[in-house]
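Before any comments, here is the structure.
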Amino acid sequence: MRRILYLIRIFVVLLILFIIQKPLFMLFNHEYWDNPSLSDVWGVIKAGIRLDLSTTAYLLLIPLLVCLISLFWEEFRMRKYMRFYYVPIAVLLSVIFISDTVLYSFWGSKLDASELMYVHDPAGMLSSLSLTYTILAIAAVAVVAYIISGNLISRTPVEMSRDGILSSFLFLPVIGLLFLCIRGGISESTANVSYAYHSSKPFLNHSAINPAFNLFHSMMKADDIANQFQFYPEEECRREWADEFKTDTTLSVRLLNTARPNILLIIWEGCGNSFADDANVTPGLQKLKDGGILFTNLHANSFRTDRGILSILSGWMSLPTVSLMKRTDKCQQLPGISSTLAEHGYESTFYYAGDVNFTNMRCYLNETGFNRILGVEDIQTEVSQSQWGYPDEWLNSSPTAEELFQASGQKRMDVILTLSSHEPWDVPFSKFKDEKQNTFAYSDSCIYQFMERFRKSDAWKNTLVVITADHGIPTKAGQPTTDASISEIPMIWTGGAIRKDAPRTIDVLCSQSDIAATLLSQMHIAATDFPLSRNVLGRQYKHPFAHHAPKGAVNYFDKDGVSTYDYAADTELSPDFQNDSTRIHREKSLLQYIYYMTSHIE
């Protein structure tokens with residue numbers, strides 16, 4: 001009986017820990033909490049209790065096993081041996097709690113397996129945080145781990161005496177109860193994240209999710225691409241979408257004065273239209289729009305750089321639960337603009353003034369055909385490094401950038417990924433009090449100065465310059481990451497390779513993943529290797545739609561508007577479309593098709 005009381009005490013300590021974590025999470029991220037009330041807290045605790053019980057039961061399996069072993073052990077020193085379990089568990093839980101709480105304010109989403117890609121590069125992971133913030137977070141981990149381990153150790157008996165085999169039968173009800181807790185009850189469904197969804201407010205749902213359960217549950221599903229989001233018969237899904245992605249080389253409008261221009265692609269870190277359309281913040285970009293081709297209805301496919309780059313360069317629609325760039329088995333199979341152009345005599349160079357190894361980027365770029373990949377260690381400049389690498393002014397103070405201005409007989413594609421407009425918003429520039437506005441204004445000044453120099457260079461005459469973004473970002477505190485407006489990004493085509501009669505505004509609805517097929521078609525190159533990219537300036541582009549995959553949901557845009565499908569709760573979040581079964585089918589079917597195509601990359 002003493003052993004069972006011990007298990008009950010440990011169970012209660014862990015359960016209380018998970019319950020307390022919820023209001024603390026809510027308070028720390030209060031900017032996401034609209035009209036806070038105690039009823040919200042109670043609703044969060046109540047909705048999350050089943051996942052808390054399940055996680056607690058999992059953690060109790062080792063103490064249960066040790067109790068059973070101690071039945072046959074004379075004077076078993078329980079507290080001494082259990083320390084070897086309590087301490088690592090306390091550290092692990094504290095890391096999960098603090099990481100989940102702190103990173104939510106940056107990403108607006110719960111910690112899950114997709115964040116584990118950063119574990120291999122802790123320096124890159126911490127680059128989003130200031131030094132003070134990082135030190136405080138580490139200190140918080142140490143304090144929380146000390147509290148958790150101290151409580152568990154103090155409630156563990158010093159010794160346990162031998163009791164015999166008959167006493168083991170007393171544990172049968174305990175084992176049964178733990179099994180029910182782990183399973184999530186007696187209903188047909190087993191414990192899953194959707195148990196915590198109880199509100200129309202995403203933040204309250206996220207607050208109710210046990211962060212440890214969410215992390216380990218997502219880890220078990222992260223590699224299972226083929227079996228995720230199986231809503232409809234496979235053949236039915238393929239028939240529905242195959243025609244939408246047929247290769248189309250027709251042109252409704254010709255934008256280029258040559259079929260084989262050099263290409264300079266500038267991918268602006270995080271620059272959504274909230275900044276790109278603000279003349280006060282990005283006056284340089286507004287000037288670049290004049291005399292160029294402006295795409296006004298382009299949507300990013302995802303919310304992170306590793307996914308946005310892949311969408312642009314591989315024409316692949318993003319998966320909300322998987323970073324394909326991190327999947328080396330998929331990287332080598334993905335199409336690439338650079339590899340397609342290589343077949344037509346092009347050489348490709350990628351410039352990034354930061355760590356090109358971050359999130360497996362170098363591997364991806366190599367596998368998709370880049371001849372040269374230049375990172376922070378390859379760029380010559382006297383500019384002082386920031387946490388991420390060289391600030392964007394390296395473009396105007398580096399011999400490395402000078403090579404872009406030189407015309408050559410070799411056909412080339414150059415890709416520049418900017419760096420400065422990223423947390424912690426630390427730039428050598430001071431124009432706005434708002435740190436995000438100030439950072440984007442800094443990047444704008446760097447890019448515009450670079451473009452003015454490039455316009456005067458020998459390379460300008462035969463170059464198509466494409467300026468776009470990898471993704472957008474929330475612009476105000478508490479803005480949900482599922483907000484469809486975050487996906488709106490700019491795209492400008494300019495350069496000497498643009499026809500004189502081409503400058504215009506193009507309002508066609510499209511996705512970031514459509515850049516590949518649209519660009520190649522203007523070069524009279526069939527995009528047959530890009531099964532999820534569409535030529536949006538083709539005569540067969542009859543059903544415009546766009547796909548955006550923030551974590552936890554998908555946004556679907558078409559001529560009727562935008563709707564948001566929360567796949568964890570299997571719920572349509574857009575009031576205008578909640579009862580539209582046809583639209584909900586369309587959203588789910590597209591999601592399934594993207595996963596089907598990804599699982600069949602060859």
Side-chain angles (χ1 to χ4, degrees), residues 1-22 42 44-90 92-93 96-97 148-149 151-198 208-221 224 568:
M1 191 66 182
R2 189 182 176 201
R3 290 173 174 81
I4 292 176
L5 290 175
Y6 153 68
L7 292 175
I8 291 173
R9 286 197 297 270
I10 299 301
F11 188 95
V12 170
V13 167
L14 291 171
L15 184 60
I16 291 175
L17 171 70
F18 292 137
I19 291 172
I20 292 175
Q21 179 267 340
K22 290 175 172 55
W42 170 243
V44 163
I45 292 173
K46 183 180 177 182
I49 195 67
R50 283 205 287 177
L51 294 186
D52 294 338
L53 288 169
S54 180
T55 309
T56 303
Y58 272 116
L59 294 174
L60 213 67
L61 292 178
I62 294 297
L64 172 63
L65 178 62
V66 172
C67 282
L68 291 172
I69 293 172
S70 71
L71 289 172
F72 310 97
W73 197 305
E74 196 68 42
E75 301 299 325
F76 186 83
R77 301 176 69 179
M78 178 73 78
R79 183 175 292 184
K80 174 184 176 181
Y81 294 122
M82 288 307 298
R83 286 177 187 269
F84 294 104
Y85 177 68
Y86 294 149
V87 172
I89 284 296
L92 178 62
L93 289 177
I96 292 173
F97 288 169
I148 295 173
S149 59
N151 273 276
L152 293 174
I153 291 170
S154 65
R155 283 161 177 78
T156 301
V158 176
E159 292 184 343
M160 287 286 190
S161 301
R162 183 173 180 175
D163 222 344
I165 192 168
L166 292 178
S167 298
S168 62
F169 290 102
L170 294 175
F171 285 90
L172 291 177
V174 175
I175 294 171
L177 288 172
L178 288 181
F179 172 77
L180 283 178
C181 288
I182 288 173
R183 192 183 182 281
I186 60 174
S187 60
E188 289 187 9
S189 64
T190 55
N192 62 80
V193 174
S194 65
Y195 281 8
Y197 281 70
H198 66 289
I209 297 171
N210 184 292
F213 182 94
N214 189 62
L215 176 61
F216 293 112
H217 185 262
S218 65
M219 287 172 61
M220 290 188 289
K221 293 183 174 292
D224 189 17

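For the numbers below, each heavy atom of this structure counts, side chains included, while hydrogens, waters and symmetry mates do not. Everything quoted here is computed from the prediction, not taken from an experiment.
- Between F97 and F18, the ring planes are perpendicular. Angles over 60° get that label, and only those under 30° would be called parallel.
- A donor-acceptor pair under 3.5 Å is formed between the side chain of S54 and the backbone N or O of I182.
- A pairwise comparison of heavy atoms in R83 and P88 identifies O-CD, 4.1 Å as the closest pair.
- Once rounded to the nearest 0.5 Å, the distance linking SG of C67 with CD1 of I10 reads 9.0 Å.
- Contact check for M78 versus V66: side-chain heavy atoms found under the 4.5 Å cut-off.
- Looking at R183, its side chain never comes within 3.5 Å of a backbone N or O of A191 through a donor-acceptor pair.
- Put simply, the side chain of D52 does not reach to within 4.5 Å of the side chain of Q21, judged on heavy atoms.
- Rounding to the nearest 0.5 Å places OG1 of T56 at 7.0 Å from CG of N210.
- Under the ring pair (Phe, Tyr, Trp, His ring centres under 6.0 Å) criterion, Y85 pairs with no residue, sequence neighbours left out.
- Qualifying side chain to side chain donor-acceptor pair (under 3.5 Å) partners for R155, counting only residues two or more places apart in sequence or in other chains: N151.
- When all heavy atoms of A208 and H198 are compared, the closest pair comes out as CB-CE1, 4.1 Å.
- Side-chain atoms of R50 do not come within 3.5 Å of backbone N or O of A196 as any donor-acceptor pair.
- I19 has its side chain within reach of I49: a pair of non-hydrogen atoms, C-beta onward, lies under 4.5 Å apart.
- A distance of 8.5 Å separates CG of L59 from CG of L92, quoted to the nearest 0.5 Å.
- With a 4.5 Å cut-off on side-chain heavy atoms, P157 and R9 count as touching.
- If you look at Y58 and F216, their ring centroids are not closer than 6.0 Å.
- Looking at heavy atoms from C-beta onward, Y86 lies out of side-chain contact with I148 at the 4.5 angstrom threshold.
- Within the 4.5 Å cutoff, the side chain of M82 has heavy atoms near those of the Y6 side chain.
- With contacts defined as side-chain heavy-atom distances shorter than 4.5 Å, the pair L53/F11 qualifies.
- Put simply, the side chain of L7 reaches to within 4.5 Å of the side chain of P63, judged on heavy atoms.
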